[in-house]
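Reading through the structure tokens given below for one structure.
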Amino acid sequence: MKFYSTNKKVDPLSFKEAVIHSLPSDRGLYFPEKIPTLDSDFFKELNSYTLSEIGSKILAPFTHEDIPKAKLKNITEEAFNFDVPLKKVENGIYSLELFHGPTYAFKDIGARFLARCLAYFNESHNQEVTILVATSGDTGGAVASGFYDVDGVNVVILYPSGKVSELQEKQLTTLGKNITAVEIDGTFDDCQNMVKQAFLDKELNETLNLSSANSINIARWLPQSIYYFEAFKQLQNRDNLVFSVPSGNYGNLSAGLLAQRMGLSVKHFIAASNQNDVIPRFLTTEQYEPLKTIPTLSNAMDVSDPSNYPRLMELVNGKHAELRSLVKGFSMDDAHTLETIKSCFEQNSYITDPHGAIGYQALKDTMTADENGIFLETAHYCKFVSTVEKALEKPLSQPGFVSELMSKPKKSITMSNSFKEFKSFLFG
Ligand SMILES: *Cc1c(COP(=O)(O)O)cnc(C)c1O
């Protein structure tokens, strides 16, 4: 299987090459040349498959030229080693809990798979890879944790001092082993610039084997399709299935459309967004008009120009009418998000995080009686505990795993925002 760039100005690459390159030089996104369809045996046997078995069956056609079957089995067993339970919230509405991984958010799935692919591709080289990541909080944590204890890979993660939450900082700085956290006296933009400069620095690249773990890497995107099958497996009544997907960069929703193209029976998807509603507006007006990003309580979705928009369009062959028949738009502001967290808890004793809450409410507002709805609960509410406490108007006790993390000692290297200092640090 080859992967082409959605801008079609560069040659298609193998899976391995696309993973290593990450971003095509024509600024498109890598996309599979063919979308395999699953046979009826897969669906007949689905109930007996584990998440990692679903993963290796779904991902094999994309990867088999570069990853032997047995190796893919190892990779998926290591990467998808936590539960993705489907919980009934109320009649006809279910929550797909994607937050049982190490950083309590769904990005663990893609990050853990990418980490193990890169480590495997590097096995034949005798030099370690150094992954550089800049983070404003969440995504970097999932990447760093995804690479934790993976052989042959060192991760250096830069974050702006004092500008990430305490929980996020603990997730970055308590891992140790092959993960080094560098605390920069500066902003997130400084961190990002230092990483960019490192990739452009000839001397560094000649000495170190540098690599990135960019969020639009094909190895982070493809595995996001597997939990749609996992949800389907756990659902009793699969008639008129609707997936409501809290969306920012649209990796998650486009991976759902990929699952549907592979044969999963879905009636439609809902693009559940906060006030940064470029896709819901595009669905109604047919005009793609990114506006200034508005900060919201569901901040992982504060995206005005979603990076996966090209993949979304590729999945419908560029046809707006087709996208509109498969995806309904929905958006909600912060005041309604707080109300939803409260009403969902009062009615169902189920706590949603600010992202999942939007997915839940989108189902409440748009579902018909004959539909079954699943919203993706993309993060554990403890990551946004102050917002949830505000919504519920009461203090919440921390789950055990949070207090455990908070009690671990922080280990970081402090540094100014000068590239020179960073470079000499990388040279060790
Ligand atoms: C990243 C993220 C999202 C948005 O997912 P996309 O794939 O970028 O649309 C939603 N919720 C949480 C908690 C996230 O971390």
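Computed from heavy atoms alone, side chains included, the values below leave out hydrogens, waters and symmetry copies. Remember, it's 1-based here, ligands and their atoms both numbered in the order they're listed.
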Sub-3.5 Å N/O-N/O distance, [X] and ligand 1:
X	result
G251	yes
N249	yes
G248	yes
Q224	no

query: Which atoms of ligand 1 have any heavy atom of A379 under 4.0 Å away?
result: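 Counting from 1, the qualifying ligand atoms are 13 (C).
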For [atom], grab the closest protein heavy atom and report residue, atom and distance to one decimal in Å.
atom	answer
atom 2 (C) of ligand 1	K107 NZ, 2.5 Å
atom 11 (N) of ligand 1	T378 OG1, 2.8 Å
atom 7 (O) of ligand 1	N252 N, 2.9 Å

message: E128 and side-chain hydrogen bond (donor to acceptor under 3.5 Å, both in side chains): which single residue from N178, N209, N154 fits?
response: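 Answer to the side-chain hydrogen bond (donor to acceptor under 3.5 Å, both in side chains) test with E128 among N178, N209, N154: N154.
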Can you say whether the rings of [X] and [Y] are parallel (under 30°), tilted (30 to 60°) or perpendicular (over 60°)?
X	Y	value
F229	F43	tilted
F106	Y227	perpendicular
F375	Y360	perpendicular

message: Does this structure show an ion pair linking R281 with D277, if we count only N-O contacts that are shorter than 4.0 Å?
response: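 The answer is yes: the pair qualifies as a salt bridge.
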Donor-acceptor list for residues 319-328 side chains, cut-off 3.5 Å, not counting sequence neighbours:
from : atom 1 : to   : atom 2 : distance (Å)
H320 : NE2    : F282 : O      : 2.8
H320 : NE2    : L283 : O      : 3.4
S325 : OG     : E322 : O      : 2.8

message: Quick check on F106 - does any of its heavy atoms sit under 4.0 Å from an atom of ligand 1?
response: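 Distance cut 4.0 Å: F106 passes for ligand 1.
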Heavy-atom neighbours of K410 NZ exceed 12 at 6.0 Å: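 Yes, NZ of K410 has more than 12 neighbouring heavy atoms, counting only those of other groups under 6.0 Å.
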